[in-house]
Amino acid sequence: MGIARLADVIKEEAAEAVSSFPLRQYRDRVIALDASIAIYQFRTATPKLFNRNGENISHLQGLFYRTLHLLENGIKPVFVFDGQPPDLKQPLLARRAEAAGARRDAAESRRAENLPRPLKQDCETLLSYLGVPYVQAPAEAEATCAALVKSGKVWCTATEDMDALPFGSLRLIRHLNSKNNCEVEEFSLPDILQKLGMTQEQFVDLCILLGCDYCGKIWQLGPKKALKLLQQHGTIEQVLQNIDPQKHPLPANWDLEGARRLFLQPEVADPGRITLEWRDPDPEGLVRFLAHEKHMNEARVCRRLQRWQEAQPKPEEAQPKHQAPREGRKQRKLGEFFPASKHARPPEVRGVRARPPGTRGARGMAQGIILC
DNA sequence: ACTCTGCATCAAGACGTA
DNA sequence: GTAATTGATGCAGAGT
DNA sequence: TACGTCC
């Protein structure tokens, strides 16, 4: 669940490091998202959606709508999937699993944090048809997101929890998906460090004291004291020498070094070996996959795709406005997929049967990415 | 006063229509 | 008859 | 905007 109250601390103590921008500010930006968190959100959102086979397809519908929303706003998303959670996180996961009820068998709870494979495959398939790249992280997704930002391949990490900052993501944005023109909130890591007067190492120490996923908290040491003491003494070790150990007992099995190492030298995918590529969504493939294979309502899928199509900038006005490198985004004429129907007529089987020659899109399947 | 903790509560994702 | 997740938020209370 | 529906 990230770092407890880190956002509050930053807003209070380093307000200048936080700014708000309208969504359009991020046009043509590459943004990394934690796929597992997003999917988990969709799955736990109520009410759950079941198709006629009784399969929960909340994740597909959610990912479909949300990704198109990003694409419509000119954002280039990269989804990063969690890998193996670090050992230090096991106690936390075990606690969560236990809280989730003793009903689950041990085998399932052990990998509770990982998405079930078919679920993940569904999402990868969907992303491929959407033309959106994804990355498999070896461990924590947020860590790989941060590495991608540091490498320059990605502009920022979009996430609701703050882990990406101690992992070193230079920019972090929140509320990317909020509805009514709510502004996006951007945290600048360099500004945070400067305002707090801390190095990245000290900032990581701060996050550990605030309470992270990897080790327990020190009793009676909340955000205010933690910040002040760290600014005063520099490291957790120094802080410990200046507080009363009776009043501030350490948690059992407190692996300070381990937690630090996970933040400062996390296991991440090598950005240099990752190629990010975006393609236009493949409407035909999407209808086939979502509606026919997964039994989402076909009319809805088509309507949404049509809305996306209409939101596409016309080729001629797309050119002069932005000088931004339109790398690899070939503008495909989409009219061919939707025989221009003025009034959205739902109940037809469209787009699927009508397959113009030469547009057998499904090759799009290939273009997720790759590597870890 | 200020700070931290514990407990209760509530809303959750996105669309479309009224 | 019948389930029931997670986390953000606000308020009460206790320790400093 | 508030609320009901999605499958």
Side-chain angles (χ1 to χ4, degrees), chain A residues 1-9 11-13 33-73 92-93 95-104 108-109 112-113 115 122-123 126 159-163 174-182 185 209-211 213 216-229 243-244 246-249 251 289-308 310-311 343-347:
Chain A
M1 86 175 203
I3 312 295
R5 271 156 304 177
L6 178 57
D8 294 332
V9 172
K11 283 188 191 176
E12 264 178 53
E13 310 291 337
L33 301 100
D34 182 331
S36 309
I37 291 201
I39 290 159
Y40 181 77
Q41 278 175 356
F42 293 130
R43 287 214 95 202
T44 57
T46 59
K48 299 173 175 40
L49 300 177
F50 294 97
N51 68 9
R52 67 172 69 137
N53 298 340
E55 300 160 326
N56 184 336
I57 55 166
S58 307
H59 57 293
L60 289 175
Q61 181 153 319
L63 194 60
F64 174 63
Y65 284 130
R66 183 174 287 183
T67 305
L68 278 180
H69 178 247
L70 295 177
L71 293 175
E72 275 173 356
N73 285 279
L92 174 80
L93 300 183
R95 250 181 293 129
R96 272 188 206 164
E98 190 180 352
R103 308 195 57 141
R104 291 188 214 183
E108 187 180 347
S109 71
E113 201 71 351
L115 297 169
D122 283 352
C123 294
L126 175 56
T159 170
E160 292 311 310
D161 70 34
M162 301 267 100
D163 276 343
R174 306 163 97 198
H175 313 146
L176 181 60
N177 308 108
S178 49
K179 3 239 143 200
N180 7 310
N181 286 339
C182 206
E185 188 174 60
L209 288 185
L210 290 176
D213 288 349
K217 266 179 80 356
I218 298 178
W219 184 254
Q220 287 289 312
L221 236 179
K224 306 284 181 184
K225 283 186 198 166
L227 177 63
K228 197 195 297 179
L229 287 168
I243 58 176
D244 183 347
Q246 306 296 320
K247 289 173 187 165
H248 301 281
F289 177 62
L290 291 177
H292 297 173
E293 192 173 325
K294 293 296 170 180
H295 303 110
M296 255 179 77
N297 182 287
E298 178 161 351
R300 274 191 163 231
V301 174
C302 290
R303 212 171 348 182
R304 188 62 185 82
L305 283 171
Q306 194 158 14
R307 215 181 86 200
W308 167 78
E310 282 156 10
H343 48 290
R345 212 172 49 215

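Here is how names work: the chains are called A, B, and so on, in the same order as the sequence lines, proteins then strands, and each is numbered from 1. All of these numbers come straight from a predicted model, not from anything done at the bench. What's counted below: heavy atoms across the whole structure, side chains too, no hydrogens, waters or symmetry copies.
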Checklist entry - Using the C1' atom in both, what is the distance from B:dG13 to C:dT2, to the nearest Å? => result 25 Å

Checklist outcome for this item: By nearest-nucleotide position on DNA chain C, the 5'-leaning member of A:Glu160 and A:Thr44 is A:Thr44

Checklist entry - Looking at the side chain of A:Arg304, which of B:dC4, B:dG13, B:dC15 is the nearest nucleotide? => result B:dC15

Item to check | Interatomic distance where CD belongs to A:Gln61 and P belongs to D:dT5 [whole Å] | outcome: 15 Å

Item to check | C1' atoms of B:dT17 and C:dA3, separation to the nearest Å | outcome: 31 Å

Checklist outcome for this item: Rounded to whole Å, CG of A:Leu221 lies from C1' of C:dG15 at a distance of 14 Å

Next on the checklist: Output the rounded distance in Å from CZ (A:Arg303) to P (B:dT17).
Outcome noted: 7 Å

Next on the checklist: Just to be sure I understand the rule, does A:Lys225 reach a base, reach only the sugar-phosphate, or reach nothing, if contact means heavy atoms closer than 4.0 Å?
Outcome noted: sugar-phosphate

Checklist entry - Which value, in whole Å, describes the distance between the P atoms of nucleotides D:dC6 and B:dA11? => result 22 Å

Checklist entry - Is it the case that more than 12 heavy atoms not belonging to A:Lys48 sit under 6.0 Å from its NZ atom? => result yes

Checklist entry - For atom C1', what is the distance between B:dC4 and C:dT9, given to the nearest Å? => result 16 Å

Checklist entry - Of all the choices, D:dC6, C:dT5, B:dT5, which nucleotide is nearest to the side chain of A:Lys217 once you look at every atom? => result B:dT5

Next on the checklist: In whole Å, measure the gap between the P atoms of C:dT6 and B:dG16 for me.
Outcome noted: 31 Å

Checklist entry - Side-chain contact, heavy-atom cut-off 4.5 Å: A:Leu176 with A:Leu70? => result yes

Checklist entry - DNA chain B: A:Ala226 or A:Arg66, which has the more 5' nearest nucleotide? => result A:Ala226

Next on the checklist: Could you check whether any side-chain heavy atom of A:His59 comes within less than 4.5 Å of a side-chain heavy atom of A:Asp122, counting everything from C-beta outward?
Outcome noted: yes

Checklist entry - Just checking A:Phe50: base, sugar-phosphate only, or nothing, at a heavy-atom cut-off of under 4.0 Å? => result base

Checklist entry - What integer number of Å spans the P atoms of C:dA14 and B:dT5? => result 16 Å

Checklist entry - How far, in whole Å, is C:dA12 from B:dG6 if one measures between their C1' atoms? => result 9 Å

Checklist entry - Within a strict 4.5 Å, meaning less than it, do heavy atoms of the A:Thr67 and A:Leu126 side chains meet? => result no

Next on the checklist: Distance check needed: D:dC6 P versus A:His295 NE2, whole Å only.
Outcome noted: 17 Å

Checklist entry - Roughly, in whole Å, what's the span from CG in A:Leu6 to P in C:dA8? => result 12 Å

Checklist entry - Can you tell if the side chain of A:Ile3 reaches within under 4.5 Å of the side chain of A:Val9, non-hydrogen atoms only? => result no

Checklist outcome for this item: Taken to the nearest whole Å, NZ/A:Lys48 to P/C:dT5 is 10 Å

Checklist entry - Is the shortest heavy-atom distance from the side chain of A:Leu6 to the side chain of A:Asp163 under 4.5 Å? => result no

Checklist entry - If you look at every strand shown and take non-hydrogen atoms under 4.0 Å, does A:Arg43 touch a base, only sugar-phosphate, or nothing? => result nothing

Checklist outcome for this item: When rounded to whole Å, the NZ to C1' distance for the pair A:Lys224 and C:dT16 reads 16 Å

Item to check | Selected nucleotide, minimal atom distance to A:Arg307 side chain, candidates B:dA14, B:dC4, B:dG16 | outcome: B:dG16

Checklist entry - Given B:dC4, B:dG13, B:dC15, which nucleotide is nearest the side-chain atoms of A:Leu49? => result B:dG13

Item to check | P atoms of D:dC3 and B:dC10, separation to the nearest Å | outcome: 16 Å

Checklist outcome for this item: Atom CG of A:Asp8 and atom C1' of B:dT3 are separated, to the nearest Å, by 14 Å

